[in-house]
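Written out below as C-alpha cells is the structure these notes cover.
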Amino acid sequence: MKAALIAQKFEVAGRVVTVVRQEEGNVNDTYLAIFRTTFSEERIILQRINKRVFAQPEHIMENMRVLTEHVHRRIEEEIDQSDRFWQLPRVIPAQDGKDYVIDEDGEFWRAITLIASAHAYPKIQSVEHAYEAGFVLGQFQRLISDMDANTLHDTLVGFHITPQYLKTLDAALQTPEGQARLHASLEAERCNLFVDARRDWCSVLEDAKARGELHLRPIHGDPKISNIMIDDATGKGTCIIDLDTVKPGLIHYDFGDCLRSSCNPAGEETLDLKSVFFDTDLCEAIVKGYMAYAGSFLTEADRHYLYDSIRLIAFELGLRFFADYIAGNVYFNTRYDEQNLNRARVQFKLTESIEARESKIRGLLEKV
Ligand code: GN1
Ligand code: MG
C-alpha cells in the first residue's frame, strides 16, 4: 500500500506494521500508521493534503511548525501552574529533514504525532463535555494571542470570508449545470431562498473588520467539536487538533465554529432534520468554559460580535456545502451526490434555530 511506503519516509523509530485509513475529514485523507521496533510501538497520523483546496501545502507546514513551537513552549512554561496536561501534536520531520514528503505523483504527505489516550467525539456528549470544549478553545486562543498574525501565511485565501462564498455560489448558479442542479430539487431551491434572505447581513464580520473594529489574529480555523480532544483518564479537555487552517483571521470564526458544531446534538451528518436545533444549555456551558480564559483577551468590540459569529458560521458552512452541491461536489469529500445538499440543510436548520433563540443567546453572552 502506498501510504505504508510513504510512512516509512518519516523520522519514526522502527518499521511500519500497518496503516489504516481513518474516516474523519471532509478535505484531506487521514491514516493511522503503527511503527514497531523489537521493544516499542509508536502510532502517528499520516495525511495526504488535498491540493485542490490548499494550493501551497508547504505553507501549511510552515504555519504549523511556527504555531506548535510557540504553543509547546508556552505549555512548558506554565506547566507547574496548570490543572492538567495540555497537549498539541508535533510535526514529524521526514528523513530528508523537510516537514513533508512529495510522492511520485506529486501528492503531498505529512506526519504528526498522535495524541494518545484521548478522544475527540463527532457530537457533544454532555454539558460537561461542552464546558471542556469551550475551555480548550479559550486556552488555545490565549496561548496564541501573543503571536503576531503576520508570521503566518494566508494558506486559504477567502477562508471564512462569507461574502466570497456567496460569489462562489453565484458563479456556480450561472452555469447550465448549476441551474439544472438548482431546479432538479425543491430542497435546493429552498436553500437558495434561505441564502437570498441573508445576503445583506452576511458581511457583518467583514464590515466590522473593514471599519477597524475587529482585527486579524492567529486562529485555528476549524475548532469544531470533533477536533477537540478529551483526556480518557480525566474527562478533561487536553488538546485541539487539525491545524491545517491555522492562519490569520478573526477569533470570531473560531468561536462561531465551536458553538455551531457543539450545540447541535444531532451532528453535521444527520438525515433527521427535525432533530437539528441549537441547544442553549450546551451554549451556556461552552461560553462559561471559553470565558475562563478568553475573558482576559477579548475586547468590547470582540464581545459585541460574538452572537453574530455563531449565526454567521452556521450559515456560512451551510452556504459552503450548498455552493459545493450546486457546483457538482468539487470541494468537500462526499459519499453520495446529495450529501452536500443534506449537510447544507442541517446547517440552515441550525441557523434558523440560532436566529429564533437570539435574545436568549445574547443574554448568555452578556452574563459571563
Ligand atoms: C472541513 O476536513 P475537515 O473535516 O477538517 C472544512 C471546514 C469545515 C468542516 C465541516 C479546509 O474540515 O472548514 O468547517 O469541513 N475544512 C476546510 O465539517 O475547508
Ligand atoms: Mg479541518
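Every number for a ligand or one of its atoms is a count from 1 in the order of the listing.
Residues with a heavy atom under 4.0 Å from ligand 1: Gly25, Asn26, Val27, Phe54, Leu156, Phe159, Asp222, Lys224, Asp242, Thr245, Arg260, Glu268, Leu317, Arg320, Tyr331, Phe332.
The closest side-chain heavy-atom distance from Thr270 to Lys123 is not below 4.5 Å. Two residues are said to be in side-chain contact when any heavy atoms from C-beta on lie closer than 4.5 Å; Ile161 and Pro163 meet this criterion.
Looking only at distances, a side-chain donor or acceptor of His72 sits under 3.5 Å from a matching main-chain atom of Thr68.
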Distance-only check: which donor-acceptor pairs under 3.5 Å involve side-chain atoms of residues 312-323, not counting sequence neighbours?
unit_1	atom_1	unit_2	atom_2	d
Glu316	OE1	Thr162	OG1	2.9
Glu316	OE2	His160	ND1	2.5

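When each of Arg110, Lys51, Lys2, Arg21 is checked for a salt bridge (charged side-chain N to carboxylate O under 4.0 Å, His left out) with Asp29, only Arg21 meets the rule.
For the atom pair CZ (Phe278) and NZ (Lys360), the distance works out to 10.5 Å, reported to the nearest 0.5 Å.
With waters neither drawn nor counted, the protein N/O/S atoms under 2.8 Å from the Mg ion (ligand 2) amount to 2.
Ring centers of Tyr290 and Phe135: at least 6.0 Å apart, outside the cut-off.
In this structure Arg73 satisfies the salt bridge (charged side-chain N to carboxylate O under 4.0 Å, His left out) test together with Glu77, sequence neighbours excluded.
Taking 4.0 Å as the cut-off between side-chain N and carboxylate O, Arg217 and Asp254 do not count as a salt-bridged pair.
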